[in-house]
Number of protein chains: 2
Amino acid sequence: MKARATETQRKTRIQIENEERILDAALEEFSAHGFRGATIDRIAEHAGMSKPNLLYYFRRKQDIYEALIARLLDKWLEPLQALDAVGDPLPELQSYIRRKLEMARDFPRESRLFANEILQGAPRIKRLLESELKPLVDEKAEILRGWMRAGQINTVDPRHLIFSIWSTTQHYADFDVQVQVILGPDRGAAGRFEDAARYLETLFLDGLRPKDKAGGTPRVRDL
Amino acid sequence: MKARATETQRKTRIQIENEERILDAALEEFSAHGFRGATIDRIAEHAGMSKPNLLYYFRRKQDIYEALIARLLDKWLEPLQALDAVGDPLPELQSYIRRKLEMARDFPRESRLFANEILQGAPRIKRLLESELKPLVDEKAEILRGWMRAGQINTVDPRHLIFSIWSTTQHYADFDVQVQVILGPDRGAAGRFEDAARYLETLFLDGLRPKDKAGGTPRVRDL
DNA sequence: CTAGAGTTTTATCAAACAGTCAATATTTCG
DNA sequence: CGAAATATTGACTGTTTGATAAAACTCTAG
């Protein structure tokens, strides 16, 4: 019988192995070229099997893509899930930033997969963003607002705060080539991420304005 | 005679008009689907001309892409170019952030074009990044270091500072769909960018740590 | 060991794709 | 005007791509 995912049926050893290999190869290709730029041929080649064989496990290109997204979304949202109301705000936020940065370091392909999808208008996962991401962000934004009301962190729009954490951390995965061109090969990947972590800590905690200059607060604000 | 760019030759009115239309259409397609995902047929259709006609002006797909990149890179680096050593550091940085954010607001397709290219490993413009972007960043990083030595801004790695400005501002163009899902349709595009500007100002100047706990200026700036 | 389920391959298809060519139409300019 | 330069088109080529059909092979449970 056909190995269709829709049916409730135990998976064969070979099925499990091959779907794994296909999804890994697909991650490689989709994250590097986007949905339209990736081809079944290259995914099959990368997975070490013939194209018809691959299509035996996933009937259509889009099926591979959707399986991949479904498998990765939860993992991707884990750091934000972990943001907890009970901890102290600043360490809690630092921890969130650190986790996101570690995700960018350890799972750059996953980061680029989502980046490609969103960048190209999220035609295939927009619904998923509305049903999964939006409520999660709303929930965590409420926690942040609580901290702001209590004066434990500066008052800002919590959703924009979350955007800035996403963008600054994922930048190191998504724009890695550019980062490497600019930083040069001096420090390895690990060193780059340490530097990034140190910088982001300063930025998010204290910003750029020096804490106390010699006399008074100049507070230059306007442009 | 053929209308090849390699030859020193005055351009016809029709040539100018058509190249313009082609490049605009190409920006639309390349920014939405990446190099491999975009097709000549769709670019031609979008430009309102037949495919062979388009190929009369640009012989290969890659030629369109390269012409587009060449035309846009300078404009894209303009805000950083404008960062000036003589101004006061904080207003100067604020101004840079504001400019970058305006670019994201006014030229989202250009932002996505570059994002797509870098995301996919910059295979076509890596050399350009090394020859144009790297020296510019090095130059401006030196200005930032000067301000840090003078104690006018906090001491951080200036290149990571630049990364964070790029990522936070371009996020509003590149990840626009996601931003819209999360913020909802309440405020229009203009409103979103005002909010973003206000938030980024707080972030980059003061970070999240409250300035002085009780007493002093509450610094409530609400949403 | 063997029947049937599960897996892989070979052959194939139609559509999409980048790019070419020669013929035709239009514009420019002396 | 009329010839040369420029622009546009239709018809076409070879390749890539997503997808299918059926035959052949392999594994596994009884």
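Lettering of chains follows the sequences in order, A, B, ..., and the numbering in each one begins at 1.
Taking atom CD1 of residue Ile43(A) and atom P of nucleotide dA19(D), one finds them 11 Å apart after rounding to whole Å. Following rounding to the nearest Å, Asn53(A) (CG) and dT10(C) (P) show an atom-to-atom distance of 11 Å. Rounded to an integer number of Å, the gap from Ile16(A) CD1 to dT7(C) P is 10 Å. The distance from atom CG of Leu54(B) to atom C1' of dA18(C) is 12 Å, rounded to the nearest whole Å. Residue Arg59(A) contributes atom CZ, which lies 12 Å from atom C1' of dA21(D) at whole-angstrom precision. Whole-Å rounding puts the Glu17(B) CD to dT28(C) P distance at 10 Å. Atom pair Lys11(B):NZ and dT27(C):C1' shows a separation of 19 Å (rounding to whole Å applied). One can place NZ of Lys61(A) at 8 Å from C1' of dT17(D), the figure rounded to the nearest angstrom.
Backbone-only contact: Ala38(A) has heavy atoms under 4.0 Å from sugar-phosphate atoms and none from a base. Residue Thr12(A) is in sugar-phosphate contact alone, with no base atom involved, counting any heavy-atom pair closer than 4.0 Å across all strands shown. Nucleic acid contact class of Asp41(A) (heavy atoms, under 4.0 Å, all strands): sugar-phosphate only. In this structure, Ile40(A) reaches the sugar-phosphate backbone alone: every heavy-atom distance under 4.0 Å involves primed, P, OP1 or OP2 atoms, never a base. The residue Arg13(A) sits close only to the backbone: its heavy atoms come under 4.0 Å of sugar-phosphate atoms, none of a base.
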Show the numbers, then the answer: is there a side chain to side chain contact (heavy atoms under 4.5 Å, CB included) between Phe204(B) and Leu93(B)? CA-CA 9 Å; Phe204(B) 279 97; Leu93(B) 276 170; over 6 Å; no
Run the salt bridge (charged side-chain N to carboxylate O under 4.0 Å, His left out) check on Asp195(A) and Arg198(A) step by step: do they pass? CA-CA 5 Å; Asp195(A) 294 348; Arg198(A) 200 166 25 245; 2.9 Å; yes
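Phe114(B) and Trp76(B) have parallel rings, their planes meeting at less than 30° on a 0 to 90° scale where 60° marks the start of perpendicular. Aromatic ring pairs are classed by plane angle as parallel below 30°, tilted from 30° to 60° and perpendicular above 60°; the pair Phe163(A) and His160(A) is perpendicular.
Listed pair Gln15(B) / dA7(D) meets the phosphate criterion, a side-chain N or O lying under 4.0 Å from OP1 or OP2. Side-chain nitrogen and oxygen atoms of Tyr57(B) include at least one within less than 4.0 Å of the OP1 or OP2 phosphate oxygen of dT8(D). Between Tyr56(B) and dA7(D) there is a side-chain N or O to OP1 or OP2 distance below 4.0 Å.
Comparing Ile14(B) and Lys51(B) against DNA chain C, the residue whose closest nucleotide sits nearer the 5' end is Lys51(B).
Within the structure, every pair that satisfies the salt bridge (charged side-chain N to carboxylate O under 4.0 Å, His left out) test and touches residues 35-58 of chain B, not counting sequence neighbours, is listed here: Glu29(B)-Arg42(B), Asp41(B)-Lys51(B).
Out of dA19(D), dT8(C), dG19(C), the shortest distance to the side chain of Asn18(A) is found at dT8(C).
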